[in-house]
Amino acid sequence: MTTPMTAPEQAPTPTPLLAVRDLRVASASGIIVAGLDLTVAPGETVAIVGESGSGKSMTVKALTGLLPEGVHAGGRMELPTRTDASDGRKGRPGREIDLAAPGAVWRDVRGSRIALLLQDPFTSLSPVHRCGDQIGWAISEGRAERVARLLAEVGLPAEVADKYPFQLSGGMRQRVAIAAGLAADPDLLIADEPTTALDVTTQHEVLELIARLQRERDMGLILITHDLRLARSRADRIMVMYAGRLVEEGPTARVMDAPAHPYTARLAACDPPLTHRLAVLPTIPGSVPRPWSVDAECAFAARCAFAVDACRTAEPELAEVAEGHRAACLRPETAGLPVASPEGAGDLAPGTGSVGGGSAEGGSAGGSASPLLTVEGQGVSASPLLTAEGLAKRFPGSAVPALDGVDLEIAAGETVAVVGESGSGKTTLARCVVGLERPDSGRIVFHGAATGARRVQIVFQDPYSALNPGLTIGTSLSEALRAAGRPKSEVGELLELVGLPAAYARRRPRALSGGERQRVAIARALAPRAGLLVCDESVSALDVSVQAQVLNLLADLRRRLGLTLLFITHDLAVARQIADRVYVMHHGRVVETGPVDSVLGAPAHEYTQRLLASIPAAD
Amino acid sequence: MIIFVLRRAGATLLLLLALSLLVFAMLYLAPGDIARNLLGTRNVTPEALAQIRARYHLDDPFLQQYWRWLTHAVTGDFGTSIRTGRPIGPLMLEKTGITAATAGLAFLLSVLVGIPTGIVTAVRRGRWLDRVLVTVSVIGVSAPGFAVGLLLLYVFALGLGWFPIYGTGEGFFDSLWHLALPAVALALGLGAFVVKLTRAAVIRELDQDYVTFARGRGLSESATLRIVLRNAAIPIVTSLGLMVAYLFGGTVLIEVTFALPGLGSLMEESVLFKDIPVVQALTLAVAFVVSVTAFLVDLSYLLIDPRVRARTVR
C-alpha cells in the first residue's frame with residue numbers, strides 16, 4: 001500500500017507516519033498525561049501547544065521512550081510500513097510498539113523512524129567532541145561524505161565539522177543538532193521548543209530551515225511550543241494541551257480563528273500584540289493545576305468564565321465541532337465570546353481576595369480615575385531621574401565590547417524599554433545602572449536625593465533562582481524591609497501590593513508557582529521604595545498567561561506608586577505593552593531610540609526592521 | 001598554548017621555591033638550639049657545637065644559608081643524615097624503589113578497579129548493584145589504611161599463608177608477591193574514593209541534555225556511554241591528581257605496618273629521631289612530586305578539554 005504524496009492538508013487520511021492511541025504518562029505522584037491520540041502524516045506539521053505543566057514535553061518523550069526515571073508511559077504506537085523508494089531511501093517495515101516497553105524495542109525506532117530535537121542547542125551537543133563527529137555517530141558507512149552533505153543541507157560550511165560546539169553561535173549549534181538528528185534519515189522529527197533558546201532573527205532562520213528540510217524530505221514534524229503565534233505560522237494542525245489533557249485539536253486555521261475551547265481562546269488573547277498597546281492585557285486568572293490534582297471535572301473549569309455546574313462533575317470528552325476539529329468542552333460555543341471583565345479577574349493570583357484595581361497601599365501618586373492611558377501620555381516629563389553618558393564596558397577575554405558608548409536617559413515616572421538580542425549588551429547596561437557592574441568609562445548620574453537602596457532596585461529573569469529557597473517569603477521580604485529601614489510588620493502590605501494574600505509570608509518559594517515567585521521578587525524590589533525599578537527580562541521565563549498577569553501588575557503598580565521602570569527585554573511585543581520609549585541595542589550600541597509607537601510602528605534602522613520582520617506573523 | 005605551558009611551569013617552579021623556603025625554615029622552627037639538634041645524640045661539648053656551627057655555616061645570614069642549601073639540594077646533595085651519618089641523597093634513592101612500586105601498584109589497582117566500578121554504579125543508579133557497591137565504597141573510604149593492612153596481614157598472611165608477612169622479595173614476580181598486600185591495603189581506601197568520584201561525575205553527565213539528544217537520535221547505549229565518559233574524564237582526572245598527595249600520606253602508615261624499608265619508613269624513623277636534614281629532604285621530595293603531578297594534570301586538560309585548549313591558544 002503506497003501513499004501518493006499529495007498535499008497533506010487536502011487529504012485528511014493518507015497513511016500516517018505514526019498513529020498513537022491512548023498515550024498515557026504517569027509518575028508516582030499521579031497522571032501526567034491523561035490519554036491522547038495522535039497521528040502525523042508525511043510532510044505534515046503538527047504543533048502541540050501548551051503552557052508549562054501541560055504535559056507536552058512528556059508526551060513526546062514517551063514517543064521516543066526517553067521518559068525520565070520513575071515516569072512510565074502506556075498506550076500503543078503504530079509505525080506503518082513505508083515504501084517510498086522515490087528518493088532512494090529504503091522502505092521500512094511496519095511496527096507496532098507498546099509505549100510501556102523498556103529499552104531494546106526503541107533501538108530501531110529512534111533515529112531512523114523518529115528523531116528528537118531538544119530546546120537548548122547549548123546543552124544538547126557534547127562540549128568536548130567535534131561537530132562532525134557528533135553528526136557522524138549515527139552514520140555507519142561513508143561518514144565523511146554524509147557529514148559534509150548533511151552540513152550543506154542545513155546551510156553550514158563544511159569546515160564546521162572540525163569545530164567544537166563552543167566555537168559556534170546558538171543558531172549554528174542548532175543547525176548542527178538538526179544535522180545530527182537527520183543523520184539517520186528519520187521519517188518524523190520531533191522538535192521540542194527548538195527555537196525558544198534562540199534570538200528572534202535566528203529563530204526565524206532555524207524555523208525556515210526546518211520547514212525546508214521537511215518539504216525536501218517529506219518528513220513529518222511534531223512541533224512542541226508554548227507560542228501560539230509560532231504554531232499558527234508553522235503548523236498544519238494544532239493540538240492544545242492543558243494540565244495533561246488534550247483540550248482541543250484541529251486544522252490550524254480552525255483552531256486559531258474559531259477556537260472551540262475557552263482555554264485556547266484565552267491563551268491566544270494573552271499573547272501581547274505587537275501592533276498596538278492594550279490598556280489591560282487579557283489574562284487567565286489563577287494558574288495551571290497539576291495534572292494529577294484534577295478530579296472528575298474539566299481541568300480548566302476553575303479558571304473558566306463560562307463554566308457551569310456540569311463542567312465540574314465530569315471530565316468532558318473530546319467531541320467533534322467541525323470536520324477534523326475536536327474540543328473537550330461542554331460549551332464550545334462560548335470560546336469565541338469576550339470575557340466579561342478582564343481587569344478585575346486578570347490581576348488576581350489564585351485564591352486571592354481582591355487587589356486588582358481596588359484600594360490598597362496609600363502613599364502613591366493619584367490618578368486612578370480612568371485607570372489607563374493617564375500616565376502614558378504625559379509621563380515623559382522634563383525632569384530626568386537618571387542619565388547615563390558614553391557607557392563602555394568590555395569583559396576580559398572578550399573580543400567585542402559589551403557596551404560601546406551608550407547614552408540613556410530616563411525621566412521620572414517613565415517606562416523605558418531596552419530591547420535587543422543576546423549579546424547586544426542590554427543586560428550589561430541594566431547591571432551597570434543597578435551598580436552590579438562597573439562601566440569602564442562613561443558616567444551614570446542619578447538626579448534626586450535618594451541614596452543607596454532607595455535609588456534603584458532590580459527584578460531578575462528567573463524567579464526560581466532569585467529567591468533564597470531556605471527562607472520563607474516573609475523572611476525574605478522583612479530582610480529587604482529592614483535594609484530599607486522599614487518595619488517588619490509591613491510584609492503583609494507588601495504582599496498585597498503585588499496581589500498575593502498576606503498569608504503567603506509563611507510559605508517557602510518552592511510552594512509557589514513561577515508567577516507567584518516573580519510577584520514576590522517584585523515585592524522585594526519595591527520594599528525600599530526605590531526611585532527606579534530595573535526589570536531584567538522579568539517576564540520572559542513565565543508562561544504567556546502568567547506573563548500577562550505580571551505585566552498588568554507592573555502597569556498597575558506604576559500607576560499607583562508612580563514607579564519609574566527600566567525594562568530589559570528581547571520581546572518586542574512585551575516592550576510594546578509596557579514602555580513609553582524604547583532603546584534598540586545591537587552589538588553594544590544603541591541603534592535606534594524614540595517613542596515606542598514610532599520605533600516599532602515605523603522603524604528607521606535596518607536592524608530594528610530585521611527584528612520586526614523575524615517575528616512570526618500575528619494575523 | 002606554549003605560553004600556557006611555560007606559564008604553568010613557571011608557577012610550579014615558584015611554588016616549589018616557596019615550599020623549599022618553608023622546608024628550610026623547618027630547621028629554625030624546630031624547638032631547641034639548632035646546633036644541638038644537628039648534633040643529634042652525640043655528646044654536647046662546646047667544641048662539637050662550634051664544629052657543627054662551622055660545618056653548617058650557622059653564623060651566616062639566614063638567606064645565605066638557604067641559598068647554599070638550595071643549590072646543593074638541586075644537585076641531589078641534601079647533606080648527611082644525623083642518625084646514620086650517610087649522605088641523604090643515596091639513602092633516599094635506594095628506598096625510593098619500594099615506595100614507588102607500592103604507591104604505583106596501589107594507584108594502578110584503585111584506578112583500574114575504581115573507575116569501571118564507578119561507571120557501573122552510575123549506569124545502574126538506584127538498582128541493588130549500585131547500592132551494594134556504594135555501601136562497600138563508603139566502608140572503604142572510612143576504613144583507615146593501616147587497620148585494613150593489619151586485617152589483611154592477619155587473614156591472608158598469617159591465617160591463610162598466601163602472602164608473605166614482611167620483606168620485599170627479589171626479582172620482579174617475587175617483589176610483586178611481597179608488595180601485593182601493602183598495595184591492596186593502600187588501594188582500598190583510594191579505590192573507594194575513585195568509585196565515588198567516578199560515579200558522581202558520570203551521573204552528572206548522564207543527566208545532561210546531550211545524552212537525551214544522543215539517545216533521541218538513535219545512538220546505541222554503548223555509543224552514548226562513550227560520549228559520556230569523554231565528558232566525565234575531566235573531573236575524574238583532576239581528582240586523580242589530588243589523590244597522589246593522599247597516596248604519600250598513606251604509604252607512611254602502610255610501610256610501617258608491613259615493615260617495608262621505603263621512604264615512608266625512613267620518614268617515620270627520621271621524625272622520631274629528629275633527623276631534620278632527612279625530614280627536610282623527604283618533605284621537599286614529596287612537595288616536588290605533588291606539584292609536578294598538579295602540573296601534569298593541568299597539561300592533561302589541554303588534551304581532554306578543547307575549551308581549555310581554545311582559551312589558551314588566544
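All chains are named by letter (A, B, ...) in the order of the sequence lines, taking the proteins before the strands, and each is independently numbered beginning at 1.
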(request) Apply the test salt bridge (Lys or Arg N to Asp or Glu O under 4.0 Å) to residues E221(B) and R215(B): give CA-CA distance (whole Å), side-chain angles for both, the deciding distance (0.1 Å), then the verdict. (result) CA-CA 7 Å; E221(B) 279 305 301; R215(B) 290 190 179 132; 2.9 Å; yes

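Of the two parts of I304(B), only the backbone, made up of N, CA, C and O, holds a non-hydrogen atom closer than 4.5 Å to a non-hydrogen atom of chain A. Heavy atoms of L66(A) lying under 4.5 Å from chain B belong exclusively to its side chain.
For the options S124(A), P68(A), G111(A), S112(A), heavy-atom pairs under 4.5 Å to chain B are most numerous at S124(A). The greatest number of non-hydrogen atom pairs below 4.5 Å with chain B, out of A183(A), A177(A), G65(A), is found for A177(A).
A side-chain N or O of D192(A) and one of S57(A) form a donor-acceptor pair less than 3.5 Å apart.
Taking 4.5 Å as the limit, some side-chain heavy atom of R217(A) sits within range of a side-chain heavy atom of L182(A). Counting heavy atoms from C-beta outward, L38(A) and I222(A) have side chains that approach closer than 4.5 Å.
Residues from residues 134-160 of chain A that place a non-hydrogen atom less than 4.5 Å from a non-hydrogen atom of chain B comprise Q134(A), W137(A), A138(A), given in numerical order. Proximity to chain B among residues 163-174 of chain A is limited to Y164(A), F166(A), judged by heavy-atom separations below 4.5 angstrom.
Relative to the six-membered ring of F213(B), R217(B) meets both conditions, a distance below 6.0 Å and an angle of at most 45° to the axis.
Not one N or O on the side chain of R199(B) forms a donor-acceptor pair closer than 3.5 Å with the backbone of V123(B).
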